[in-house]
Amino acid sequence: EKKIVSDKRIRDVAVAEHVIYRDPVSKSEPVHRVGDVPSKGMKRPVIIGFGPAGMICAYKLAMAGLRPVVIERGQDVDRRMKIVDSFWNTGELDENTNVQFGEGGAGTFSDGKLSTMIHDKAGRIDEFLKILVENGADESILFNAKPHLGTDRLAVIVKNIRNKIIDLGGEVRFGCRLKEIITEKNRIRAVTIENTDQDSKESVIDTDILVLAIGHSARDTFEMLHEKGLMMEQKAFAVGVRVQHPQEMIGFSQYGKDWIRLPAADYKLTYRSERLDRGVYSFCMCPGGFVVNSSSEKGRLVVNGMSNSDRNEPTANSAIIVNVDSRDFDGTEWNAGIGFQRRLEEKAFKECNGKIPVQRYGDLAALLTQTACCKGPQIPNVKGMWDKGDMRNILPGVICDAIMEAFPDFGRKIKGFDDPETLLMGVESRTSSPVRITRNETFEAAGFKGIYPCGEGAGYAGGITSAAVDGIKVYEAILERNFLRLSIDTES
């Protein structure tokens, strides 16, 4: 006997033969799992990457009884935080564990913003937020207009999610990197994993399902996948600088004299330069936070923003970025955007010998270089070492010109935004993936069976929530195509 229940998509209940598969989030029915070999000898799914997309996809697969194996090149969040803190203090970079790689992905060292611009009629955003609450997030994220978690709370939540996956029979292997995929007749058969903690010892995992939630900084993995025949294409993104202001200034501009009694104020700014044919906008605004060195490759430097849950630092920061595309890249190859990023990051590293370059807006606007900075009211509030620098030695002229054109307009919207003492830090170059791995209507990589590009790195998301939602979509596609002979009652 088969029981078919659906809410017009594969969400709460799916049915195969004599087994009911339910998403246990609803708690309304008992869970029936399939055991070690779920259906027709299907092997355990392998998920590459434990950022938001891979984490939530693995969590859903584990709740369905499929015992996924998660591969994460970085370390667990506790060890990761120690390694990253050491890098900020010494400049010694671990290329496998850093702000980009490790448990929770790049979002672990961020403001933990959960707001998103994606349209979601299917309820996957609510589903994701409920998972977070069940694993330690405050219930306020369910109703706040601009929910956020903060780096300190994210660390606890991701550990709870990992432990739940393990309790349900899954595995999370840290310090392991995807080295190779093994296919047969364009179907995934196995993966080769390199253990970066044990003298590069390798192992092979047989699998029918591979989820590539690799993040936007796994450049070596992109190269390997392209060599294996996966179709990839260039994708536009944006680059620029981090800008720092006193949080008091932002608060007074947004709220007036009552700012002190209200939550830390944020902002969203946009500008269009018709002369340069560029859009300029704020991105990843971090109220009461830090600017952090987010590098993941030696000899290259990139920055990001980070806030704790209380957002109580005296400074606010955000990225001010300009859209870039094929006209800025050197060539039309799929990886030309990666090359563009690397050149900017190499210039940023060389500008201050591996320290974060900092420059006053007034100096950049006046075309001054290497002037003494931070003798005024602002001092960089950063994680990592910094020194004075010149953004025109790092960014293309058109990007600097677009930012300079936008600043007076931003100053009219937020009083003091274009104050000469405003600090600029660079370079912000990893706003989103410069690559998209082509996938078809079943969410599989074009031309391959069982390989599922997923999340921000694959080019299908831009932030924590949209990445997690894509992880849920891939989970649903796996159940529908690879596991269940699914019938959906679209009238229920």
Side-chain angles (χ1 to χ4, degrees), residues 51 74-113 148-156 158 215 217 240-247 264 266 283-320 345 348-349 351-359 373-374 378-389 391 394 422-431 464:
Q75 294 297 337
D76 66 83
V77 70
D78 290 327
R79 282 184 288 178
R80 182 187 183 193
M81 293 180 80
K82 293 178 181 178
I83 292 170
V84 169
D85 190 62
S86 176
F87 164 63
W88 286 336
N89 289 320
T90 68
E92 293 296 322
L93 177 67
D94 184 325
E95 291 188 290
N96 290 309
T97 302
N98 44 62
V99 173
Q100 305 294 342
F101 300 135
E103 184 171 23
T108 300
F109 292 92
S110 72
D111 186 47
K113 280 177 287 294
H148 79 102
L149 298 171
T151 295
D152 48 342
R153 290 182 181 172
L154 272 166
V156 176
V158 298
S217 295
V241 298
R242 276 272 149 185
V243 58
Q244 177 186 293
H245 295 97
Q247 183 63 48
D266 62 3
F283 171 79
C284 189
M285 197 271 158
C286 294
F290 311 89
V291 175
V292 301
N293 189 331
S294 303
S295 303
S296 61
E297 293 181 331
K298 292 183 178 179
R300 301 187 175 102
L301 185 144
V302 59
V303 297
N304 196 8
M306 184 182 85
S307 297
N308 287 323
S309 56
D310 56 14
R311 292 174 163 175
N312 67 351
E313 288 297 310
T315 57
N317 71 79
S318 74
I320 300 298
E345 293 166 13
F349 185 90
E351 181 67 10
C352 294
N353 296 315
K355 300 177 182 179
I356 297 173
V358 180
Q359 184 176 29
C373 70
C374 311
Q378 284 219 63
I379 293 178
N381 190 9
V382 303
K383 295 288 189 179
M385 295 176 283
W386 63 272
D387 203 349
K388 58 187 179 181
M391 298 304 150
I394 301 169
T422 296
L423 297 184
L424 310 178
M425 309 180 202
V427 60
E428 178 94 18
S429 57
R430 301 195 197 174
T431 54
I464 292 174

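Model, not experiment: these values are computed from the prediction.
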Minimum side-chain heavy-atom gap Ile394-Pro357 below 4.5 Å: yes
Set of side chain to side chain donor-acceptor pair (under 3.5 Å) partners for Asp76, sequence neighbours left out: Arg79
Set of side chain to side chain donor-acceptor pair (under 3.5 Å) partners for Thr97, sequence neighbours left out: none
Contacts of type salt bridge (Lys or Arg N to Asp or Glu O under 4.0 Å), residue Asp94, not counting sequence neighbours: none
Note, Pro246 side chain near Gln378 side chain (heavy atom, < 4.5 Å): yes
Residue from Thr151, Val291, Asp111, Asp266 passing side chain to side chain contact (heavy atoms under 4.5 Å, CB included) with Cys286: Asp111
Where Asn381 and Thr315 come nearest, the two heavy atoms and their spacing: ND2-OG1, 2.9 Å
Atom pair CE/CE of Met425 and Met391 - distance to nearest 0.5 Å: 8.5 Å
Distance (rounded to the nearest 0.5 Å) between Leu149 CG and Ile464 CD1: 6.5 Å
Heavy-atom closest contact (Ala316 atom, Gln247 atom, distance): CB-OE1, 3.0 Å
Those residues that, when tested against Glu428, pass side chain to side chain donor-acceptor pair (under 3.5 Å) (two or more places apart): Arg242
For Ser294, side chain to side chain donor-acceptor pair (under 3.5 Å) partners two or more places apart: none
Shortest non-hydrogen contact from Ser429 toward Val302: OG-CG2, 3.4 Å
Glu103 CD to Arg80 CZ distance, which is reported to the nearest 0.5 Å: 8.5 Å
Heavy-atom side-chain contact between Ser110 and Val292 under 4.5 Å: no
Sequence neighbours excluded - salt bridge (Lys or Arg N to Asp or Glu O under 4.0 Å) pairs with any residue from residues 287-310: Arg219-Glu297, Glu297-Arg300, Glu297-Arg342, Arg300-Glu346
Test item: Asp387 and Asn353 side chains (from C-beta on) under 4.5 Å apart, heavy atoms: no
Side-chain heavy atoms of Val382 within contact of Asn293, under 4.5 Å: no
Where Gly389 and Gln359 come nearest, the two heavy atoms and their spacing: O-CB, 3.3 Å
side-chain hydrogen bond (donor to acceptor under 3.5 Å, both in side chains) between Ser296 and Asn98, intermediate numbers included: CA-CA 6 Å; Ser296 61; Asn98 44 62; 4.9 Å; no
Gap separating the CG atom of Leu301 from the CZ atom of Phe349, nearest 0.5 angstrom: 7.5 Å
Point-to-point distance, once rounded to the nearest 0.5 Å, from NE2 of His245 to OG of Ser318: 8.0 Å
Point-to-point distance, once rounded to the nearest 0.5 Å, from CZ of Phe87 to CD of Glu95: 10.5 Å
Glu345 and Val427, any side-chain heavy atoms less than 4.5 Å apart: yes
Closest non-hydrogen atom pair, Ala264 against Arg311: CB-O, 3.9 Å
Asn304 side chain near Cys284 side chain, heavy-atom distance below 4.5 Å: yes
Thr422 to Gln244 - nearest heavy-atom pair and separation: CG2-O, 3.6 Å
Heavy-atom check, side chain of Lys113 versus side chain of Ser307, under 4.5 Å: no
